Amino acid sequence: MNAGSLRAKLPPDFVWGVSTSSYQIEGAVKEDGRGPSIWDIYSRQPGRIANGDSGDVACDHYHRYREDIGLMRDLGVRAYRFSVAWPRVMPNGRGDVNEAGLAFYDRLIDALIAAEIEPWLCLYHWDLPQALGDLGGWTNRDCVQWFADYAALIGRRYGDRVKRYATFNEPSVFTLFGFCLGGQPPAVSDHAMLLRAIHHVNLAHGAAVDRLRASVTDVSLGAIHNRQPCRPAAGDPANLPAAEELDAYWNRAFPDPQLRGFYPPLLAGAMAPYQQADDLARICRPVDWFGLNHYSPLYVTADAGNPLGVGLGSAPVNVPRSNMGWPVEPDAFRETLIGVHQRYGLPIYVLENGTASPDEIDASGEVADAPRIDYLRAYNAAMFAAIDAGADVRGYFVWSLLDNFEWGSGYSQRFGLVYVDYPTQRRTPKASFHWYARLIRSCRAPPAPPAGPRQAPAAARRHD
Ligand code: FCB
């Protein structure tokens with residue numbers, strides 16, 4: 001597809017961006033009054049994270065954010081999605097507010113705006129204050145109020161400059177891994193706790209939406225859902241019901257109640273004991289867009305080792321995989337975008353898409369990350385095909401600007417457009433960075449011709 005036809009398909013204000021999250025890049029975990037998060041504590045437990053890594057230093061973004069914004073400028077993105085670390089601004093998750101933590105995000109937001117990059121603020125990217133974790137975290141219904149108060153604080157503080165807010169990043173991922181499948185804190189396997197956590201996160205979403213609408217004029221709100229087609233792995237007929245079960249939890253347990261006002265039938269009965277009258281109405285509050293994260297489809301197995309009886313299996317052998325082992329199937333992205341459009345009818349912003357590859361700095365000082373370029377090219381083509389088929393996609397953000405702390409994989413997996421040499425914190429834009437910069441430039445509308453009878457000479461127009 002050439003640039004001209006691409007441009008014609010995209011809405012004129014299509015948003016190109018990059019995404020990160022607080023715990024994965026900030027570091028400075030003990031600085032300026034930040035309280036501990038559940039990830040600080042979890043990553044210190046032996047055997048939890050590859051190589052015993054933690055987010056203690058990460059990309060040192062807390063001190064290097066100006067350099068990182070410079071990279072975004074060079075890249076040509078006009079939007080940056082980041083998250084606020086709740087324990088940085090409220091060290092205990094409730095009660096006392098940490099002015100020094102709030103001031104960090106003031107500096108970040110102001111520097112973004114000065115660079116003409118719109119801040120997209122996500123309230124929760126998994127780093128729950130440990131003090132709330134100690135009180136049961138999301139299994140405690142009081143968390144709804146704590147989160148709503150935190151959301152109101154953020155809206156009041158930044159609402160004059162930040163208009164785009166997401167409540168939660170991938171609620172299905174942190175609840176399922178935290179309370180059923182393992183691999184994320186609190187790493188328990190308990191069906192009742194899982195159901196409670198799902199319901200309370202949904203209620204917290206609805207409450208935060210209301211508080212942000214009340215505190216921010218012209219606010220534009222959504223939540224960010226990771227949607228992945230759940231396919232039965234080959235080899236066992238029991239994998240089919242397992243795939244259906246996981247699909248209900250992974251893909252529907254949050255967007256269905258938030259956007260349509262009901263729990264999917266497969267879990268509605270189990271959820272009933274935890275619901276109070278009007279809960280669904282409190283959850284289903286009007287939002288402005290659907291934030292979508294997508295990397296790959298899932299291949300599901302039946303597995304008696306956890307309360308849902310599901311496991312994550314392998315893709316068919318002929319399917320290519322990323323360095324994470326995730327299947328690379330761009331057509332699943334097209335299918336997902338069309339499915340979200342048909343089911344929820346909201347404008348869609350793709351707020352994460354990208355891949356891990358085994359990147360290295362070569363002798364000439366460059367990072368030739370061909371697998372990432374191939375992935376991004378194929379997934380963008382799939383997105384354009386979905387737009388062609390009628391999906392209302394308004395923006396696309398690459399995960400991630402920088403290599404960073406990839407949860408249980410620590411620093412062993414690199415997702416960045418920019419290579420980070422962790423010992424020195426040196427940043428090196430990879431080949432994919434330059435590829436994405438060219439894509440953005442080619443899709444941006446050429447500048448309007450100057451007023452008056454004469455056309456601008458072709459050479460003065462932006463080049464594709
Ligand atoms: C998503 C997470 C993000 C990052 C990518 C690779 O599930 O939201 O933080 O880890 O995967």
Side-chain angles (χ1 to χ4, degrees), residues 17-27 37-39 42-43 48-50 53-55 58-59 61 80-86 120-128 166-178 180-185 201 222-230 246 249-251 253-255 290-298 312 321-328 332-333 336 349-359 369 371-372 375-376 379 396-418 420 432:
V18 281
S19 293
T20 65
S21 89
S22 44
Y23 188 70
Q24 293 179 275
I25 64 164
E26 284 179 2
S37 77
I38 55 174
W39 272 93
Y42 179 78
S43 53
R48 296 294 197 193
I49 312 289
D53 291 340
S54 76
C59 308
H61 173 78
Y80 172 52
R81 174 196 153 206
F82 64 100
S83 70
V84 169
W86 186 353
W120 285 55
L121 189 158
C122 177
L123 289 172
Y124 188 82
H125 201 123
W126 307 354
D127 41 2
L128 183 76
T167 54
F168 285 93
N169 176 68
E170 298 188 356
S172 62
V173 174
F174 74 81
T175 54
L176 277 166
F177 285 101
C180 180
L181 300 172
Q184 295 206 8
V201 169
I224 305 168
H225 303 288
N226 180 340
R227 246 177 130 86
Q228 306 187 246
C230 288
L246 188 61
Y249 281 85
W250 192 286
N251 290 320
F254 295 91
F290 189 109
L292 172 74
N293 293 355
H294 177 89
Y295 292 87
S296 63
L298 292 173
L312 299 177
R321 284 147 223 247
S322 75
N323 212 46
M324 289 289 281
W326 295 350
V328 177
F333 187 33
T336 300
Y349 289 95
V350 176
L351 292 178
E352 281 185 30
N353 176 242
T355 194
S357 57
D359 306 326
D369 57 339
R372 180 168 295 100
Y375 178 100
L376 293 175
Y379 274 69
Y396 175 89
F397 292 53
V398 171
W399 182 272
S400 181
L401 174 68
L402 303 168
D403 292 337
N404 60 50
F405 175 79
E406 176 48 34
W407 308 116
S409 304
Y411 299 100
S412 68
Q413 295 287 348
R414 295 180 175 272
F415 273 87
L417 297 172
V418 176
V420 178
S432 59

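All values below were derived from every heavy atom in this structure, side-chain atoms included, with hydrogens, water molecules and symmetry-related copies excluded. These numbers come from a predicted model, not from an experiment. Atoms within a ligand are numbered from 1 in the order they appear, just like the ligands themselves.
- When each atom of ligand 1 is checked for a heavy atom of Asn169 under 4.0 Å away, the hits are 8 (O).
- Checking only distances, Trp399 never comes within under 3.5 Å of ligand 1, N or O to N or O.
- Under a 4.0 Å heavy-atom criterion, Gln413 is not in contact with ligand 1.
- Looking from atom 10 (O) of ligand 1 to the surrounding protein, the closest heavy atom is Glu406 OE1, 2.7 Å.
- Distances below 4.0 Å separate heavy atoms of Trp407 from the following atoms of ligand 1: 3 (C), 4 (C), 9 (O), 10 (O).
- Interface of Phe415 with ligand 1, defined as ligand atoms under 4.0 Å from a residue heavy atom, comprises 6 (C).
- Between Leu401 and His61, every side-chain heavy-atom pair lies at or beyond the 4.5 Å cut-off.
- A donor-acceptor pair under 3.5 Å links the side-chain atoms of Ser83 to the main chain of Ser22, judged by distance alone.
- Close contacts between ligand 1 and Gln24 involve ligand atoms 3 (C), 4 (C), 9 (O), 10 (O) [criterion: under 4.0 Å to a heavy atom].
- Between Tyr23 and Trp39, the angle of the ring planes lies from 30° to 60°, which puts this pair in the tilted group.
- A distance of 13.5 Å separates OH in Tyr375 from CG in Asp369, rounded to the nearest 0.5 Å.
- None of Tyr42, Phe177, Trp126 except one satisfies the ring pair (Phe, Tyr, Trp, His ring centres under 6.0 Å) rule with Trp407; the exception is Trp126.
- Scanning the protein for heavy atoms near atom 7 (O) of ligand 1, the closest one is Glu170 OE1, 2.6 Å.
- Nearest protein heavy-atom contact of atom 3 (C) of ligand 1 is Glu352 OE1, 3.4 Å.
- Considering CZ of Phe168 and CG of Leu123, their distance stands at 8.0 Å, rounded to 0.5 Å.
- Within ligand 1, counting atoms from 1 as listed, the ones closer than 4.0 Å to a heavy atom of Tyr295 are 1 (C), 5 (C), 6 (C), 11 (O).
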